[in-house]
Amino acid sequence: MADFYLDAPEVPILLLGDPGVGKSTFLSRLTLGPHPAPTASITPLRSLDQPHPFNIRLYNRPYRFSFSDTSSPTHYTLLHPSLIILCYSIAIPSSLASVQGYWKEVVERHFGYDEMMPVVLLGLGRDVRQKEDYDGKVRAMATEGALAGEEEDEEGLVPRTFVYPQEGLRVAQEMRCDMYCECSALTGELCQEVFEDIAKRAARTTTQKGGKTEGTDCAVM
């Protein structure tokens with residue numbers, strides 16, 4: 001099996017986003033494989049070991065994806081990724097605003113040389129939402145007073161301190177990202193599905209067509 005990946009094309013992937021949004025936890029979760037045991041625990045990856053390689057078989061072909069993030073020993077602005085993943089924490093709305101402002105500017109300034117480079121917006125920490133948060137009712141964003149449970153909106157709903165899926169998708173569309181997806185590295189929810197979608201897009205960067213989404217649409221996982 002090792003020989004199968006000997007001549008595999010290497011696809012460098014860079015994760016960008018504020019400290020503490022879950023980039024390292026996401027990569028550590030991926031090391032557990034597609035079907036981890038219920039009792040499996042996440043072993044944190046060491047930043048000094050970046051890039052973190054993942055050998056993947058897609059379309060009966062081998063690929064090697066090399067993941068780096070902002071804690072890379074080589075400063076991330078000096079890397080040459082084939083695909084960029086902009087990460088934010090669903091539990092920290094300000095981290096989404098940071099993606100839309102600071103990190104978007106970083107991508108344009110340091111990686112704008114490749115117009116064919118796909119950009120993915122990834123929401124981490126999906127587990128902070130409750131089941132009722134998907135029933136169509138939109139709670140207002142909490143104010144400082146509401147954080148202590150002192151306020152309710154007009155419908156008696158407790159204000160929230162997280163980002164709704166449609167808010168993340170809207171930002172992805174405004175930034176003209178090629179894909180929007182969410183998962184929880186803590187519980188593993190949708191992690192494998194997200195990885196598979198990212199892997200397929202990353203694999204396409206090795207082709208003449210490239211990994212960009214056609215037109216102005218933003219693909220949703």
Side-chain angles (χ1 to χ4, degrees), residues 1-17 21-74 76 79-87 111 114-127 172 177-214 217-221:
M1 181 60 71
D3 292 341
F4 182 74
Y5 294 100
L6 189 61
D7 297 320
E10 183 168 346
V11 183
I13 299 173
L14 178 60
L15 281 71
L16 298 177
V21 298
K23 301 184 295 294
S24 296
T25 306
F26 171 67
L27 292 180
S28 298
R29 163 64 69 171
L30 297 183
T31 63
L32 298 180
H35 305 292
T39 57
S41 59
I42 299 176
T43 301
L45 296 174
R46 298 196 326 152
S47 296
L48 291 177
D49 293 336
Q50 294 189 35
H52 303 298
F54 290 83
N55 290 332
I56 303 297
R57 183 171 185 160
L58 279 175
Y59 316 118
N60 203 32
R61 291 185 56 194
Y63 295 90
R64 174 166 296 165
F65 300 138
S66 299
F67 286 85
S68 301
D69 63 24
T70 49
S71 59
S72 169
T74 301
Y76 65 87
L79 300 177
H80 297 279
S82 296
L83 182 146
I84 288 178
I85 304 176
L86 295 173
C87 303
F111 306 104
D114 186 359
E115 294 183 353
M116 293 299 293
M117 184 188 303
V119 177
V120 175
L121 181 58
L122 172 61
L124 297 166
R126 178 183 168 91
D127 54 281
C177 292
D178 297 283
M179 186 169 71
Y180 177 72
C181 44
E182 295 183 353
C183 65
S184 169
L186 182 63
T187 65
E189 180 191 9
L190 294 180
C191 277
Q192 186 59 31
E193 291 83 352
V194 164
F195 182 53
E196 290 175 359
D197 276 10
I198 289 175
K200 291 175 183 178
R201 190 166 295 273
R204 284 166 49 190
T205 66
T206 66
T207 68
Q208 184 176 2
K209 188 176 181 180
K212 294 286 290 181
T213 298
E214 295 184 5
D217 292 336
C218 173
V220 182
M221 189 211 76

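We're numbering straight along the sequence, starting at 1.
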Practice problem: May I ask you to decide if Gly17's main-chain N or O and Lys23's side chain share a donor-acceptor pair within less than 3.5 Å? | Solution: yes
Quiz item: Is a side-chain N or O of Asp178 found less than 3.5 angstrom from the main chain of Val120, in a donor-acceptor match?
Solution: no
Self-check item: Pairs where residues 30-41 contributes a residue and the test salt bridge (charged side-chain N to carboxylate O under 4.0 Å, His left out) is met, not counting sequence neighbours
Solution: none
Quiz item: What pairs of residues pass the salt bridge (charged side-chain N to carboxylate O under 4.0 Å, His left out) test when at least one of them lies in residues 35-44, not counting sequence neighbours?
Solution: none
Rounded distance (nearest 0.5 Å) linking atom [atom1] of [X] with atom [atom2] of [Y]:
X      : Y      : atom1 : atom2 : value
Ser184 : Leu124 : OG    : CG    : 8.5 Å
Thr70  : Leu15  : OG1   : CG    : 8.5 Å
Leu83  : Arg204 : CG    : CZ    : 10.0 Å
Glu182 : Glu193 : CD    : CD    : 13.0 Å

For the student: nearest non-hydrogen atoms of [X] and [Y], plus distance:
X      : Y      : result
Phe54  : Leu27  : CZ-O, 3.8 Å
Leu79  : Phe111 : O-CE2, 3.4 Å
Arg61  : Pro9   : NH2-CG, 4.2 Å
Phe4   : Asn60  : CZ-O, 4.1 Å
Met117 : Lys212 : O-CD, 3.5 Å
Leu14  : Pro81  : CB-CB, 3.8 Å

Practice problem: Please lay out, stage by stage, how Arg201 and Thr213 fare under the test side chain to side chain donor-acceptor pair (under 3.5 Å). | Solution: CA-CA 9 Å; Arg201 190 166 295 273; Thr213 298; 3.1 Å; yes
The criterion is side chain to side chain donor-acceptor pair (under 3.5 Å); which residues satisfy it with [X], sequence neighbours excluded?
X      : result
Asn55  : Arg64
Thr31  : none
Lys200 : none
Asp7   : none

Quiz item: Would Val119 and Leu121 count as a side chain to side chain contact (heavy atoms under 4.5 Å, CB included) if you check the C-alpha gap in whole Å, the side-chain angles of each, and the deciding distance to 0.1 Å?
Solution: CA-CA 7 Å; Val119 177; Leu121 181 58; over 6 Å; no
Quiz item: Is Met179 close to Ile198 at the side-chain level, that is, under 4.5 Å between some pair of heavy atoms?
Solution: yes
Exercise. Not counting sequence neighbours, which residues clear salt bridge (charged side-chain N to carboxylate O under 4.0 Å, His left out) with Arg46? List them please.
Key: Asp49
Self-check item: Qualifying residues under salt bridge (charged side-chain N to carboxylate O under 4.0 Å, His left out), relative to Glu189, sequence neighbours excluded
Solution: Arg126
List for me each residue that meets side-chain contact (heavy atoms from CB on, under 4.5 Å) alongside [X], sequence neighbours excluded, and say none if there are none.
X      : value
Gln50  : Ser47, His52, Ser68, Asp69, Ser71, Ser72, Pro73
Ser41  : none
Thr205 : Val11, Ser82, Pro118

Exercise. For the pair Phe26 and Val194, evaluate side chain to side chain contact (heavy atoms under 4.5 Å, CB included) and give the outcome as yes or no after the intermediate values.
Key: CA-CA 10 Å; Phe26 171 67; Val194 164; 4.1 Å; yes
Exercise. Report the C-alpha separation of Cys183 and Leu122 in whole Å, then their side-chain angles, then the decisive distance to 0.1 Å, and conclude whether the side chain to side chain contact (heavy atoms under 4.5 Å, CB included) test is met.
Key: CA-CA 8 Å; Cys183 65; Leu122 172 61; 4.1 Å; yes
Quiz prompt | Pairs meeting criterion side chain to side chain donor-acceptor pair (under 3.5 Å) with involvement of residues 116-125, two or more places apart | solution = none
Quiz item: With under 30° as parallel and over 60° as perpendicular, where do the rings of Tyr63 and Phe65 fit, or are they tilted in between?
Solution: parallel
